Amino acid sequence: MKILSFTIRHEMLENLMCERRIAHLFKVEDLGHARNHYRIVALVREEDYDAVAAHASDRPQPAEWPNH
């Protein structure tokens, strides 16, 4: 499992959550209604990394929690 930080659109986050691709959300920061994006810090299983990367708006980066 990896802790990752990335931005994602609301709809894509919902899709990942429904598919249970995110093991745990540590932080969700709303980047504004006009952008419809969130900055996420999440725990992701190795086998779900590709699906998360495909849905993310940017490349997921390793993060440390709670130091992020």
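All figures in this text were calculated on a predicted structure; none of them were measured in a lab.
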Inset, instruction - Taking side-chain contact (heavy atoms from CB on, under 4.5 Å) as the test, write out the residues that go with A53, two or more places apart. - result: Y49, P60
Legend entry - Closest non-hydrogen atom pair, R21 against V44: O-CG1, 4.1 Å
Legend entry - Inter-residue atom distance E64.CD - S5.OG, 0.5 Å rounding: 12.0 Å
Inset, instruction - Can you sort out the partners of E14 under side-chain contact (heavy atoms from CB on, under 4.5 Å), two or more places apart, ordered by chain and number? - result: H10
Legend entry - Polar side-chain atom of Q61 near backbone of R59 as donor-acceptor pair, under 3.5 Å: yes
Inset, instruction - Quick one: list whatever passes ring pair (Phe, Tyr, Trp, His ring centres under 6.0 Å) with F26, sequence neighbours left out. - result: H24, W65
Inset, instruction - Check whether any side-chain heavy atom of V41 sits under 4.5 Å from a side-chain heavy atom of L4, and report yes or no. - result: no
Legend entry - Donor + acceptor pair across side chains of S57, R9 (<3.5 Å): no
Inset, instruction - Taking the side chain as every heavy atom from C-beta outward, state whether M17 and I22 have any atom pair closer than 4.5 Å. - result: yes
Legend entry - Nearest heavy-atom neighbours spanning A42 and L25: CB-CD2, 3.9 Å
Legend entry - Electrostatic pair K2-D48, nearest N-O below 4.0 angstrom: no
Inset, instruction - Provide the closest heavy-atom pair for T7 versus L31 in the form atom of the first, atom of the second, distance. - result: CG2-CD1, 3.9 Å
Inset, instruction - Compare all side-chain heavy atoms of D58 with those of R39 and state whether any distance is below 4.5 angstrom. - result: yes
Legend entry - Validation row: I8, H55 side chains within 4.5 angstrom (heavy atoms): yes
Legend entry - Over all atoms of both residues, closest heavy-atom pair of L43 and M1: CD2-SD, 3.5 Å
